[in-house]
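Letters A, B, ... mirror the listed sequences (proteins, then strands); counts begin at 1. Source: prediction; values computed, not measured. What you see below is based on every heavy atom in this structure, not just the backbone, and it leaves out hydrogens, waters and symmetry mates.
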2 protein chains.
Amino acid sequence: MRDLTIGEAARRSGVKVNTIRFYEGRGLLPEAPRTDSGRRLYDGAAVGRLAFIRHARDLGFPLEDIADLLALQGQPGTSCAPADSLARRHLASVEARIAALTALKGELTRMIACDGSDTAHCRVIESLADHALCAGDHARLAEVAAVPGVSD
Amino acid sequence: MRDLTIGEAARRSGVKVNTIRFYEGRGLLPEAPRTDSGRRLYDGAAVGRLAFIRHARDLGFPLEDIADLLALQGQPGTSCAPADSLARRHLASVEARIAALTALKGELTRMIACDGSDTAHCRVIESLADHALCAGDHARLAEVAAVPGVSD
DNA sequence: TTTACTTCCTACAGCGACTGGAGAAGCAAG
DNA sequence: CTTGCTTCTCCAGTCGCTGTAGGAAGTAAA
């Protein structure tokens, strides 16, 4: 597993070519060695690092946390308490988002179930226009529910 | 309720000054009339519109959908089926995100519960390094879980 | 050897929904 | 008249990419 092209590394790690370069620029990966003509070269360790990053991203960790986790991984013998606390913090935020979304779901369910009449009396429109029609206090709920920095 | 400054409108609607201008630029609000010196003026109807937008945002509707909902609100006598279907679609996406986050939570819970030893055998680090240690297939879970376009 | 195709390089714009700041001008109170 | 608040326009930054432009280099077949 020596001297893979960036394309090969992308295929093996599941991280796109552009994204690999992006990670390098962000300091998540060391600068790759280059061929004479300037092309990046990767080995098995680099692919492992990429897979690690992808996995952590799939689980919703922000890049900043991933950088910390990678640093911890590279230092065997250290306590794993920091990694554990990072993961716990992330779990807590996931739980907060689930709670927020569940509240949101309740509110949306209540406002749907329109009786099919015209917009003048539409439940959906009315509910949006008048906060007083709402059951709970959902101020900024969507904000809590959001994953930082992901859009589809 | 006539001739409010943008600051007053912001206070009454709960939408920040900058955000009001942003909404105007996006076409969610009609261009506000101006004073001789070029300052925007608002009335009760404008504040209501702003509150409507804020409420819909709190519930996680994207601006594009909100534009549609505002248009529907302005046309009494039309069927409310479009508004209803918008809300239903949004509810479905909220439910999908809850499901994704719940799966994520399970995975995170499994990998936490580190026994406090060193990073060489840390559950968190190991789980991230080796996808095979995972229970479910969580590829791109965080992506589904995300609210489009919100970052804190 | 020429052509054609693919991959690679850098650099930058765009997504969504804002937020915050610069620099200039307006306005009210002391 | 000065101080301090608000407003104006314009622009950069957030987050984690993705996609494109425009070019160079590598590979394979004709």
Backbone of A/Leu108 reached by a side-chain donor or acceptor of B/His90 within 3.5 Å: no

Presence of B/Thr5 side-chain N/O under 4.0 Å of D/dT6 phosphate oxygens OP1/OP2: no

Gap between atoms CG and P, on B/Leu41 and D/dT6 respectively (whole Å): 17 Å

Given D/dC17, C/dC9, C/dC27, the nucleotide with the shortest approach to the side chain of A/Phe22: D/dC17

Whole angstrom value for the distance that separates P of D/dG16 from CG of A/Leu63: 4 Å

Backbone of B/Ile6 reached by a side-chain donor or acceptor of B/Arg21 within 3.5 Å: no

Side chain of B/Arg39 - closest among C/dG26, C/dA17, D/dC17: C/dG26

Distance, rounded to the nearest Å, where A/Arg26 contributes CZ and D/dC17 contributes P: 9 Å

Candidate nucleotides D/dT9, D/dG16, C/dT10, ranked by approach to the side chain of B/Arg40 - the nearest: D/dT9

Whole-Å gap separating P (D/dT7) and CG (B/Leu4): 11 Å

Touch class at under 4.0 angstrom, heavy-atom based, for B/Thr35 against every strand present: nothing

Selection from D/dT18, D/dT7, D/dG16 that lies nearest to any side-chain heavy atom of A/Lys16: D/dT18

Non-hydrogen atoms of A/Phe61 and A/Ile66 that approach each other most closely: O-CD1, 3.5 Å

Pairwise 5' ranking along DNA chain C for B/Asn18 and B/Glu64, keeping only the more 5' one: B/Glu64

Flag, side chain of A/Thr19 to backbone of A/Val15, donor-acceptor distance under 3.5 Å: no

Side chain of B/Ser37 - closest among C/dC27, C/dC8, C/dA17: C/dC27

Student check: side-chain heavy atoms of A/Leu128 and A/Ile125 closer than 4.5 Å: no

B/Asp65 CG to C/dA17 P, straight-line distance once rounded to whole Å: 9 Å

Residue whose nearest DNA chain D nucleotide is more 5′ - A/Thr19 or B/Gly38: B/Gly38

Rounded distance in Å - CD (A/Glu31) to P (C/dT10): 10 Å

For atom CZ of A/Arg11 and atom P of C/dT7, their distance in whole Å: 7 Å

Spacing of A/Tyr23 atom OH relative to D/dT18 atom P, expressed in whole Å: 8 Å

Touch class at under 4.0 angstrom, heavy-atom based, for B/Phe61 against every strand present: nothing

Touch class at under 4.0 angstrom, heavy-atom based, for A/Arg21 against every strand present: base

